[in-house]
Student: 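Here's a structure for you.
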Amino acid sequence: MHSDYMLMKGNEAIAEAALRAGCRFYAGYPITPQNEILEYMASNMEKWGGTFIQGENEIASMSMLWGAAAAGARCMSSSSGPGYDLKQEGISYLSSYNLPAVIVDVMRYGLGDGEITEGQDSYWQAVRGGGHGDSRQIVLAPASVSECAALTYEAFHLAEKYRNVVIILSDGAISQMIEKCTLPPTYEHDKDKFDWTLTGKPRGVKKNKVTNLDRTIGREAADTIMKEKFVAMFENEQRWEEVMTDDAELVLVAYGISSRVCKSAVRQARKEGLKLGLLRPISVWPYPRKAFEKMPDCVKGYVTVEMSLSTQMGEDILLACKHSKPLYGHLTGVRVPTAEGLIEDCKQILAGKVKPVEVL
Amino acid sequence: MAKLEKPVSIIKPVGYCGGCGHGVIQRLIAECLEELGMADDTISVVDIACSYWSLEALDFDAIAGPHGRCAAVATGVKKVRPDKTVYVHAGDGSSYVIGLAETCYTAIRDIPITMIVVNNGIFGMTGGQLCLATTLIGDKTLSSKKGRTKEQAGQPVDMLNVFKNFDVEYVARGALYDAKHVDQTKRMIKRGLENQRDKKGFSLIEILSNCPTNWKMTPVEAAEKVKNETEKVFPLGTYVDRGGAK
């Protein structure tokens, strides 16, 4: 086997890609179903010359991360569900400090302790700021093990490009499935390459002060930097995949595990003469609005396919298509959708027997 | 007698209240780093509360850790920059209350940083509320207006009795109410920094200070209170010295 291909789990692919991307600081706390990321880092970080710390909690892990990021390291943490709640303090602070870091959210289903199984009902939490205050994080949603590796690798580059947090939004299914994974090349990060990091400078050299809302330049100037960053990320970082949308009557919209089922459903439906297509957001923030701008006129509506009770992503679809088409929901909650169920739903929609979603 | 020079690391005046100990502590840190020849490779981590001013006053690379997380932030910095001097200047609320877990586990991991904790018995920056770890029984604060009681908030805790149980390099407590104690405290800070220079483990120096503004006292009255009341609850001295006295 070629050394750049491996059979591995989604979580392992994230961890291996992070190490290959030059991540040399990881701090995290165990929670299912993301434990393999932490365990992989514990087993492998040392041979890459980096630091692994099992934090006393998620909050402390995030605090260690912003120290490491401020000191110039490429760094990462990961969590899931209730643990991700605790990460949000750190995400807000990292954002305020303009510090680059990669945070992985392997979604599990449900409120509170919820389930340890796959889920997609943390979409709002991941894409709507990530903590208190007004901030934006690039959020990338892989749909395969190879993409876990590719997007994680790219996430470190994006984090540095914008001095911003980038979130990998995976789920229990993508994280636990085993597939052939194409691995990225190794990249050695130079922790001294930025002029804003803490290096411990001698007398006479201008020192760096890494602070909340960048108090060294004043609130107005800091806000301007932040706003310009939001616009640049929104303009430049929209990513998506389309499957048979050119002549589609109904376009399924799904990311992560649900999008894989949708892909099967589209192929199967086409054999039956049912014109379904799939639009898969790869970046869920910025949401791929550009993709919706060029959808054909023959599209009669969009179907948001999500493992949630609310049409969490549906709001973004309606904004992206400017409410030009009706939105239907195939919301499966704790269950992974099935291709058969989807096709049946779509037939009912095209027959006019299903109302558009009523609660956004 | 040698002329007392201001440390060159102090580059601007900042906004500590009159009579507050933070400014003295900041100066002692600068003096110690310069006397040890360590000022040129230092990164400071300050608490977002009163000690934040030190970030601007001192000519070091610096980061403001939010309330409670300084020890964890410093852990991240030290792991990435192991050859640099990393010290924390933080308050008792940050280090012993909201951030007790972070401070304890930084000590338990024996992270080689120097942590300076200012025990002034109150939450200063937020306007004078009770500090669960350090406000003395009977002391009136904005959140204990009739005076702290055990029934309301438990008793203050000598946290150094907790930290002395961990396998760390150095744990000590000093005070600032007269020149003799300022000098003793300076030696403690210096010891903590030397430990870091010598690649030894975690050092924690707690300093009994005062908060005349929120205690609603003159600086002299506040110093007397530390001497006559605070020190009885929080005894001065060395609690741990793993390497032994030199």
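As a basis for the values below, the full set of heavy atoms in this structure was taken, side chains included, without hydrogen atoms, waters or symmetry mates. Here is how names work: the chains are called A, B, and so on, in the same order as the sequence lines, proteins then strands, and each is numbered from 1.
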Student: Given heavy-atom pairs under 4.5 angstrom as the criterion, report whether the side chain, backbone, both or neither of B:Val46 touches chain A.
Tutor: neither
Student: Would B:Arg173 pass as a cation-pi partner of B:Phe234, given that its NZ or CZ must be under 6.0 Å from the six-membered ring centre and within 45 degrees of the axis?
Tutor: no
Student: Who among B:Pro66, B:Ala64, B:Ala101 has the most heavy-atom pairs with chain A under 4.5 Å?
Tutor: B:Pro66
Student: Should we count OH of B:Tyr105 as having more than 12 external heavy atoms under 6.0 Å?
Tutor: no
Student: Give a yes or no on this: more than 12 heavy atoms of other residues, nucleotides or ligands lie within 6.0 Å of atom CD1 of A:Ile116.
Tutor: no
Student: Examine whether an atom of A:Leu65 lies under 4.5 Å from a heavy atom of chain B, and if so say whether it belongs to the side chain, the backbone or both; otherwise answer neither.
Tutor: neither
Student: Students often mix this up, so state it plainly: with edges at 30° and 60°, are the rings of B:Phe163 and B:Phe166 parallel, tilted or perpendicular?
Tutor: perpendicular
Student: Using heavy atoms and a sub-4.5 Å threshold, report which of residues 29-59 of chain A line up against chain B, by residue number.
Tutor: A:Thr51, A:Ile53, A:Gln54, A:Gly55, A:Glu56, A:Asn57, A:Ile59
Student: Do the side chains of B:Glu194 and B:Lys190 get close enough for a salt bridge, i.e. N-O under 4.0 angstrom?
Tutor: no
Student: If I measure from the heavy atoms of chain A, does B:Ile11 come under 4.5 Å with its side chain, its backbone, both, or neither?
Tutor: neither
Student: Can any side-chain N or O of A:Asn208 pair as donor or acceptor with the backbone N or O of A:Asp195 at less than 3.5 Å?
Tutor: yes
Student: Which residue out of B:Asp40, B:Asp59, B:Thr42, B:Asp61 racks up the most heavy-atom pairs below 4.5 Å with chain A?
Tutor: B:Asp61
Student: Of all of A:Ala27, A:Ser63, A:Ser61, which one pairs up most often with chain B through heavy atoms under 4.5 Å apart?
Tutor: A:Ser63
Student: Between A:Met62, A:Arg24, A:Arg203, A:Lys206, which shows the greatest number of heavy-atom pairs under 4.5 Å with chain B?
Tutor: A:Arg203
Student: Top residue by heavy-atom pair count (under 4.5 Å) with chain B, among A:Thr197, A:Val205, A:Thr211?
Tutor: A:Thr211
Student: Tell me whether the centres of the aromatic rings in B:Phe60 and B:His89 are closer together than 6.0 Å.
Tutor: no
Student: Under 4.0 Å between a Lys/Arg side-chain N and an Asp/Glu carboxylate O for B:Lys12 and B:Glu56?
Tutor: yes
Student: For chain A, find which of B:Glu102, B:Lys78, B:Lys84, B:Arg81 contributes the most heavy-atom pairs closer than 4.5 angstrom.
Tutor: B:Arg81
Student: Please determine whether a side-chain nitrogen of the Lys or Arg among B:Asp110 and B:Arg242 lies less than 4.0 Å from a carboxylate oxygen of the Asp or Glu.
Tutor: yes
Student: Determine yes or no for a side-chain-to-main-chain donor-acceptor pair under 3.5 angstrom, with B:Asp92 supplying the side chain and B:Gly121 the backbone.
Tutor: yes
Student: Before you tell me yes or no, could you show the steps for B:Gln196 and B:Ser203 under side chain to side chain donor-acceptor pair (under 3.5 Å), namely the whole-Å CA-CA distance, both residues' side-chain angles and the distance that decides it to 0.1 Å?
Tutor: CA-CA 8 Å; B:Gln196 198 170 166; B:Ser203 299; over 6 Å; no
Student: Non-hydrogen atoms of chain A under 4.5 Å away: do they reach the side chain of B:Ile48, the backbone, both or neither?
Tutor: side chain
